[in-house]
Trainee: 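Got a structure here, written out as structure tokens. Questions coming.
In this text, all values refer to a predicted model and were calculated from it rather than measured experimentally.
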There are 2 protein chains.
Amino acid sequence: MPTPDRTSLIEIVEAGRDLIESGGASRLTMQAVAERVGVRPPSLYKRVRDRDELLALVAQATVDDLGRRLAASDGSLAGLARTYRSFARERPEGFRLMFTVEGAAESLQQVSEPVLLLGREMAGEDVALEAARLIVAWATGFIDMELAGSFRLGGDVDRAFEFGLERLDLALRG
Amino acid sequence: MPTPDRTSLIEIVEAGRDLIESGGASRLTMQAVAERVGVRPPSLYKRVRDRDELLALVAQATVDDLGRRLAASDGSLAGLARTYRSFARERPEGFRLMFTVEGAAESLQQVSEPVLLLGREMAGEDVALEAARLIVAWATGFIDMELAGSFRLGGDVDRAFEFGLERLDLALRG
DNA sequence: ACCTGAACACCGTTCAAGT
DNA sequence: ACCTGAACACCGTTCAAGT
């Protein structure tokens, strides 16, 4: 005698995404997720193996979102970097999770294509990959530090971002 | 009737540092720390307010270590960056904690001085801060991604690091 | 086939009682 | 003044029993 489904994997992942943005990954408890989707905690284990897998799914969904955004940008250095930064500001906790969760690294690959294209265009075939890594490392580090509140010496953080864009443009076309 | 101290804050923080390196911050439980220092969990609360404070102290100790290392380097772009990277490889979990833990951001300030000096030397007074932020953002992002296993497109990661150093040198002296 | 209550192990934290 | 056992709240997870 089957029971009608009272929730779905999509709904569970969406609840997880909301929860982490409300105060970090520690807010994502199986109990809180269950309550949000209207089910008891044990029922979640019909859809996800455990909490770690749910965190990975949340990270994956965030990567997918980011990939769509980047693909829709104009593909320029400034365009990609600003898109990346504004995405991180929208979902700061999701952004962090992408680099934290075990197993999210693979899926980040799908995001790297537009940056790799840009690296080739700017610095040439030979060092396309190295150029892409310079760009991504800078942008990721900048945003991570910005979100963590690590820029403490005053100054204009937006100006520092634009400065980075200008100089990287110089450095890669050199 | 006083009881002789059976542990100390220093010993507790050191135990915490060991524990996180053995498998991430989740390994740092009050029970595991207590066991390591030879005391029962409730006793820890005589020295630290709660687990979060202990995590902050562990991050702080890591920042102090890093500050000493950077101060002992030659102060060049390559010297600072390589010191930073090798420190992160020695204590990957401590490195991550520096940017994760609430309240570790303030203490990172003490580390920024040598980079700020370098930024001024390379790019001039006017943009010293912006230059320092470009350097730190790149190095931090690169190392973070390296530790997280985010470089998945093959290629030589060491080569990408050296490429970044060369091009940043170009970009900042430009 | 999904859902639930009950149960278990584990963790952070408090507190009264010991020395 | 520090230490402890006992206790509580909370969490992840399992499982037998329900529909």
Trainee: What's the CD-P distance between B/E53 and C/dT13, to the nearest Å?
Mentor: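 Checked: the CD to P distance equals 11 Å.
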Trainee: Give a yes or no on this: more than 12 heavy atoms of other residues, nucleotides or ligands lie within 6.0 Å of atom CD of B/E102.
Mentor: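 It does not: B/E102 CD has 12 such atoms or fewer within range.
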Trainee: D/dC2 P sits how many Å from B/E11 CD, rounded?
Mentor: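 Those two atoms, CD and P, are 15 Å apart.
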Trainee: Among D/dC2, C/dC3, C/dG5, which nucleotide has an atom closest to any side-chain atom of A/S43?
Mentor: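 For the A/S43 side chain, the nearest candidate turns out to be C/dC3.
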Trainee: Would you mind reading off the distance between A/D5 atom CG and C/dT4 atom P, rounded to a whole angstrom?
Mentor: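 These atoms are roughly 12 Å apart.
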Trainee: Hey, any chance B/L129 and B/L168 share a hydrophobic cluster, counting ILVMFWY side chains that come within less than 4.5 Å of each other, even indirectly?
Mentor: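 No, it is not one cluster - the side chains of B/L129 and B/L168 are not joined through contacts under 4.5 Å.
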Trainee: Measure CG/A/L44 against P/D/dT13 and give the value in whole Å, please.
Mentor: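 So the two atoms are 10 Å apart, to the nearest Å.
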Trainee: Does NZ or CZ of A/R133 lie under 6.0 Å from the centre of the six-membered ring of B/F142, at an angle within 45° of the ring axis?
Mentor: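 No, cation not above the ring by the 6.0 Å, 45° rule.
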Trainee: Once ring-ring contact (aromatic ring centres under 6.0 Å, His included) is applied, do any residues pair with B/F87, and if so which ones, sequence neighbours excluded?
Mentor: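 Expected list: none.
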Trainee: Which letter, B, S or -, goes with each nucleotide of nucleotides 6-12 of chain C from 5' to 3', with contact meaning a protein heavy atom under 4.0 Å?
Mentor: B----BS
Trainee: Identify the nucleotide, in any strand shown, that forms a Watson-Crick or G-U wobble pair with D/dC8, with both distances under 3.5 Å; if there is none, say none.
Mentor: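 Pairing partner, where one exists within any strand: C/dG12.
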Trainee: Between B/R82 and B/E162, does a salt bridge (charged side-chain N to carboxylate O under 4.0 Å, His left out) hold up when you go through it step by step?
Mentor: CA-CA 10 Å; B/R82 292 199 189 107; B/E162 296 302 321; 2.9 Å; yes
Trainee: Nearest to the side chain of A/V39 - C/dT13, D/dC2, C/dT4?
Mentor: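 Of the candidates, C/dT4 comes closest.
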Trainee: Provide the Watson-Crick or G-U wobble partner of D/dC2, both distances under 3.5 Å; none if there is no partner.
Mentor: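 Checking every strand shown, D/dC2 finds its partner in C/dG18, with both distances under 3.5 Å.
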Trainee: Report yes if a side-chain nitrogen or oxygen of A/R6 is closer than 4.0 Å to either non-bridging phosphate oxygen (OP1 or OP2) of C/dC2; otherwise report no.
Mentor: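 Indeed not, no polar side-chain atom of A/R6 lies that close.
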Trainee: Under 4.0 angstrom, heavy atoms only, what part of the nucleic acid is A/R49 near: base, sugar-phosphate, or nothing?
Mentor: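 Nothing, no nucleic acid heavy atom in range.
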Trainee: I'd like to check A/V33 versus A/R36 (side-chain heavy atoms, cut-off strictly below 4.5 Å). Are they in contact?
Mentor: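 Heavy-atom side-chain distance check fails, nothing below 4.5 Å.
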